[in-house]
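Order of listing sets the numbers, starting from 1, for every ligand and every atom in it. Here the structure is a predicted model, which means the values were calculated and not measured. Along the sequence shown, residues carry numbers from 1.
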Amino acid sequence: MRRATAHLNLIYMSTPPLIDPFARAISYLRVSVTDRCDFRCVYCMSENMTFLPKRDLLTLEELDRMCSTFIRLGVEKLRITGGEPLVRRDILTFFRAMTRHLDSGALKELTLTTNGSQLARFADDLAAAGVRRVNVSLDTLDDEKFARVTRWGRLPQVLKGIEAAQKAGLRVKINTVALKGFNEDELFTLTEWCAAQDHDLTFIEVMPMGDMGEEDRVGQYWSLSDLRNRLSERYTLTELSHRTGGPARYMEIGETGQQLGFITPLTHNFCESCNRVRLTCTGELFMCLGQEDNADLRAPLRSSESDAPLEEAIRNAIARKPKGHDFDYSRQKPDGQVSRHMSHTGG
Ligand code: SAM
Ligand code: SF4
């Protein structure tokens with residue numbers, strides 16, 4: 001049986017890469033390894049979350065099989081996210097398992113998005129597993145505001161994590177969600193702190209994800225074009241032409257040489273160059289962050305020791321990848337809203 005499986009896998013190795021109906025090659029997989037988190041950011045989770053039962057989650061071995069199949073089909077970049085990826089038990093085992101794909105050259109980049117709370121513990125081991133860059137979410141440099149926006153988080157712990165990551169040789173990118181009336185007054189403080197610490201910085205527009213109950217998402221929305229105008233009152237900004245196939249656009253600050261990323265899903269449509277899909281911790285594949293359509297990959301994975309049914313399910317899913325999303329705040333009501341939480345799909 002083993003041998004037959006190996007033989008089948010060999011046949012599938014020579015299969016063509018993943019191309020969607022709009023001729024976009026899928027080379028980037030974001031994987032949510034848990035829906036749990038040690039924070040409760042106001043734009044992401046409600047205070048009382050009901051998490052998935054553990055049995056619904058893909059095991060670490062299953063995550064390995066999923067990712068390895070995508071890599072065989074041409075995925076070159078893997079971003080591990082959540083929930084908070086570093087609170088998943090034994091997650092280092094998974095990172096270490098992925099090192100073999102970096103070593104073979106099939107995988108070009110293994111990276112993660114984290115809230116930073118556990119980085120002090122994990123930074124050295126992540127670096128040893130081949131992680132070179134890490135995205136850390138940080139919306140404010142003020143202790144009290146940090147506790148308010150994350151509800152359960154504490155700033156000093158995250159700053160220690162960031163420091164440990166840098167010491168371990170990881171390049172740190174700070175992700176800051178632009179929040180009206182919350183971090184508008186820290187725009188320059190955050191930018192200058194990142195320049196001084198040599199961190200990259202990306203601003204993100206808040207997206208209409210999940211049913212947040214009392215939180216007013218339209219009220220939280222601070223458009224990045226407004227943010228950019230404010231920056232240009234102090235700095236000379238030049239738009240850079242390079243894109244990464246994702247939603248980020250880049251600008252350079254003439255005075256410091258710093259590059260800033262802007263993720264503007266609501267004011268700019270970035271879908272035409274989308275090269276990515278997202279896998280949830282239960283094995284659903286979302287072909288678009290802003291659409292509900294998804295494919296169950298857990299059933300085909302569990303149905304056979306061979307990866308053939310899984311590969312077929314992946315191909316069928318990619319054939320359904322939509323042209324783009326429908327987020328729209330223009331009518332002052334989060335239209336095109338999807339009901340799942342960012343922590344489920346993996347931001
Ligand atoms: N826990 C990790 C973290 O916070 O970095 C990884 C998962 S988190 C869901 C990934 C990113 O999504 C974070 O940068 C977070 O700020 C962002 N995010 C969460 N909810 C969002 C929303 N409604 N709109 C925009 N970004 C959001
Ligand atoms: Fe947790 Fe990240 Fe969501 Fe904040 S944004 S609650 S840290 S998953």
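Of all atoms in ligand 1, listed by their number and element, those nearer than 4.0 Å to a heavy atom of Y43 are 16 (O), 18 (N), 19 (C), 20 (N), 21 (C), 22 (C), 23 (N). Close approach to T81 involves these atoms of ligand 1, each under 4.0 Å from a residue heavy atom: 6 (C), 7 (C). Close approach to G83 involves these atoms of ligand 2, each under 4.0 Å from a residue heavy atom: 8 (S). Close contacts of ligand 2 with C41, meaning ligand atoms under 4.0 Å from a residue heavy atom, involve 4 (Fe), 5 (S), 6 (S), 7 (S). Which parts of ligand 1 touch T114 is read off a 4.0 Å heavy-atom cut-off, strictly below it: atoms 2 (C), 3 (C), 5 (O). Every atom of ligand 1 with a heavy atom of E205 under 4.0 Å away is listed here by number and element: 25 (C). Remark: ligand 1 atoms within the under-4.0 Å shell around heavy atoms of G82 are 7 (C), 9 (C). Heavy-atom proximity to G83, at under 4.0 Å, picks out these atoms of ligand 1: 1 (N), 2 (C), 6 (C), 7 (C).
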| query | For K180 and E184, what are the C-alpha separation, side-chain angles and deciding distance, and is it a salt bridge (charged side-chain N to carboxylate O under 4.0 Å, His left out)? | reply | CA-CA 6 Å; K180 199 173 195 157; E184 281 173 287; over 6 Å; no
| message | Test side-chain hydrogen bond (donor to acceptor under 3.5 Å, both in side chains) on E205 and S223; report intermediate values, then the result. | response | CA-CA 6 Å; E205 272 177 356; S223 116; 4.6 Å; no
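For the pair R88 and F94, the cation-pi test (distance below 6.0 Å, angle within 45°) is failed.
Residue contacts with ligand 1 for V177 involve side-chain atoms from C-beta outward but no N, CA, C or O (heavy atoms, distance under 4.0 Å).
Surrounding NZ of K160 are at most 12 heavy atoms belonging to other residues, nucleotides or ligands under 6.0 Å away. Around CG of N48, the count of heavy atoms belonging to other residues, nucleotides or ligands within 6.0 Å does not exceed 12.
Between K145 and D185, some side-chain heavy-atom pair lies under the 4.5 Å cut-off. Looking only at side-chain heavy atoms (C-beta outward), E47 and R151 come within less than 4.5 Å of each other.
Among the atoms of S137, some N or O lies under 3.5 angstrom from an N or O of ligand 1.
At least one N, O or S atom of C37 sits under 2.8 Å from atom 1 (Fe) of ligand 2.
A single hydrophobic cluster is not seen to contain both I26 and I19; linkage of ILVMFWY side chains at heavy-atom distances under 4.5 Å, directly or through other members, places them apart.
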